[in-house]
Amino acid sequence: MTGIAPPATMRSRLSDRKTAGVSTSTRSDMVRDQGRPRRVLVAGMPRSGSTWLFNAARLLCAHSGQGVQAVWVDDYDPADIRPMHLVKVHRPEQADTLPFLPDRILTTWRPYEACLASLVRIGWLNPDPDAVRARYASQKTIYEDWAERSDLEIDHADIVAEPAAALAKLSRSLGQADDPLRNLDIGEALGNMKPPEDGPFDKVTLLHPRHRKHQGEVTKTTPKDILRVLEGHS
């Protein structure tokens, strides 16, 4: 049983240039009005690593001394005068509510079945087969839409296995100089980041209760369990 991946043509669009952290954008971030903030969107399927990516970008900006407004889409303030606006979304239609076109879009990839298993484990998705199949369709749509527009895609496997390397790609995409020691420090800070124990999500980190693996998981659902459902063996 193999994982469910996007069509080869979809993944091939994310070329070596893009995954290396070199922009493929046709947007005007290099010639933008210098009197306005640089506006960067962090997007991705739920449970694909997009919150890690958001916090990584936030900490890189902070380390450089750059003032940054880093928020969930509903909390965005277009009047904020800080030079970097970093906004996190999941669904493409959430970005449509923003009063700007982003200068850069940063995204993540994680196999669909792994995202869905994680959603079930933390209680955000009913394990009923019909619910899982419906959410798969939603996740697939979200990924394919962002993949068409992404300037940098970070693979969840790299976030887990090589966070410093993922941070190096991200820093290049943000136009920052490479700094291996900084990347190691930020990678450690990201690994030690704690979600709230209860209540709503943290407004700074955007971590939810039970956000991290094994913290309050309600089931032991695995990606293989999800694949069995999606392949009609439930």
Participant: Taking S150 for the side chain and A147 for the main chain, is one N or O donor matched with an acceptor at less than 3.5 Å?
Facilitator: no

Participant: Tell me every residue that passes salt bridge (charged side-chain N to carboxylate O under 4.0 Å, His left out) with D77, counting only those two or more places apart in sequence or in another chain.
Facilitator: none

Participant: Would a 4.5 Å heavy-atom cut-off, applied to side chains only, mark T51 and K88 as touching?
Facilitator: yes

Participant: Do N55 and I186 have side chains that approach each other closer than 4.5 Å (heavy atoms only, starting at C-beta)?
Facilitator: no

Participant: Could you measure the distance from the CG atom of L98 to the CG atom of L41? Nearest 0.5 Å is fine.
Facilitator: 6.5 Å

Participant: Quick one, V204 with R58, criterion side-chain contact (heavy atoms from CB on, under 4.5 Å). Give me CA distance, side-chain angles, the key distance, then yes/no.
Facilitator: CA-CA 9 Å; V204 175; R58 177 177 66 83; 3.6 Å; yes

Participant: Identify the heavy atoms of D155 and A157 that sit nearest to each other, and give their distance.
Facilitator: OD1-N, 2.8 Å

Participant: Can you check whether W124 reaches P46 side chain to side chain, under 4.5 Å on heavy atoms?
Facilitator: no

Participant: Quick one: do the R182 and S171 side chains pair a donor with an acceptor below 3.5 Å?
Facilitator: yes

Participant: Hey, what do you get for CE (M193) to CG (L59), rounding to the nearest 0.5 Å?
Facilitator: 5.0 Å

Participant: Using a strict 4.0 Å threshold on nitrogen-to-oxygen distance, state whether D158 and K169 make a salt bridge.
Facilitator: yes

Participant: Just wondering, are more than 12 heavy atoms of other shown residues or ligands nearer than 6.0 Å to CD in Q66?
Facilitator: yes

Participant: To the closest 0.5 Å, what do you measure between CG (D179) and CG (L181)?
Facilitator: 6.0 Å

Participant: Hey, what do you get for CG (L86) to CG (L53), rounding to the nearest 0.5 Å?
Facilitator: 8.5 Å

Participant: Quick one: CD on E144 to CD on Q139, what's the gap to the nearest 0.5 Å?
Facilitator: 12.0 Å

Participant: Could you check whether any side-chain heavy atom of V87 comes within less than 4.5 Å of a side-chain heavy atom of R39, counting everything from C-beta outward?
Facilitator: no

Participant: For L60 and L167: C-alpha separation, side-chain torsions, deciding distance, then whether side-chain contact (heavy atoms from CB on, under 4.5 Å) applies.
Facilitator: CA-CA 8 Å; L60 282 168; L167 281 159; 4.2 Å; yes

Participant: If you draw a 6.0 Å radius around CD in E93, do more than 12 non-hydrogen atoms from other residues or ligands fall strictly inside?
Facilitator: yes

Participant: Of all heavy-atom pairs between T222 and R121, which one has the smallest distance, and what is that distance?
Facilitator: CA-NH1, 4.4 Å

Participant: Which heavy atom in P37 sits nearest to a heavy atom in M84, and how many Å separate them?
Facilitator: CB-N, 4.4 Å

Participant: Please check if any side-chain donor atom of E148 sits under 3.5 Å from a side-chain acceptor atom of Y143, or the reverse.
Facilitator: no

Participant: Could you walk me through whether D202 and T205 pass the side-chain contact (heavy atoms from CB on, under 4.5 Å) check?
Facilitator: CA-CA 6 Å; D202 185 292; T205 66; 3.3 Å; yes

Participant: Hey, are the side chains of V40 and L106 touching, using non-hydrogen atoms and a 4.5 Å cut-off?
Facilitator: yes

Participant: If I compare all heavy atoms of T108 with all of G44, which pair ends up nearest, and what's the gap?
Facilitator: OG1-CA, 4.0 Å

Participant: Using the side-chain contact (heavy atoms from CB on, under 4.5 Å) rule, pick out the option among R82, R104, H85 that qualifies with R38.
Facilitator: R104

Participant: Is the side chain of D225 donor-acceptor paired with the backbone N or O of T221 at a distance under 3.5 Å, no angle test?
Facilitator: no

Participant: Please determine whether a side-chain nitrogen of the Lys or Arg among R36 and D103 lies less than 4.0 Å from a carboxylate oxygen of the Asp or Glu.
Facilitator: yes

Participant: Which is it for W146 and W109 under the side-chain contact (heavy atoms from CB on, under 4.5 Å) test, yes or no, and what are the steps along the way?
Facilitator: CA-CA 10 Å; W146 289 126; W109 160 252; over 6 Å; no

Participant: Which of parallel (below 30°), tilted (30 to 60°) and perpendicular (above 60°) describes H90 and W72?
Facilitator: tilted

Participant: How about W52 and H156: are their ring centroids closer than 6.0 Å?
Facilitator: no

Participant: Below 4.5 Å, heavy atoms only, C-beta onward: do V42 and V89 meet side chain to side chain?
Facilitator: no

Participant: Counting N and O atoms only, with roles assigned by atom type, does the side chain of S173 sit under 3.5 Å from a partner on the main chain of L170, one being a donor and the other an acceptor?
Facilitator: no

Participant: Ignoring hydrogens and geometry beyond distance, is a side-chain donor-acceptor pair present between S118 and R47 at under 3.5 Å?
Facilitator: yes

Participant: Q94 side chain to R91 main-chain N or O, any donor-acceptor pair under 3.5 Å?
Facilitator: yes

Participant: Are the side chains of P209 and P195 in contact, using a 4.5 Å heavy-atom criterion?
Facilitator: no

Participant: Which heavy atom of A117 sits nearest a heavy atom of P223, and at what distance?
Facilitator: CB-N, 3.6 Å

Participant: Output the distance between atom CD (Q69) and atom CG (D80), rounded to the nearest 0.5 Å.
Facilitator: 4.0 Å

Participant: Is the closest side-chain heavy-atom distance between Y112 and M45 below 4.5 Å?
Facilitator: yes

Participant: When hydrophobic residues are tied together by side-chain contacts of less than 4.5 Å, even through go-betweens, does L174 share a cluster with L184?
Facilitator: no

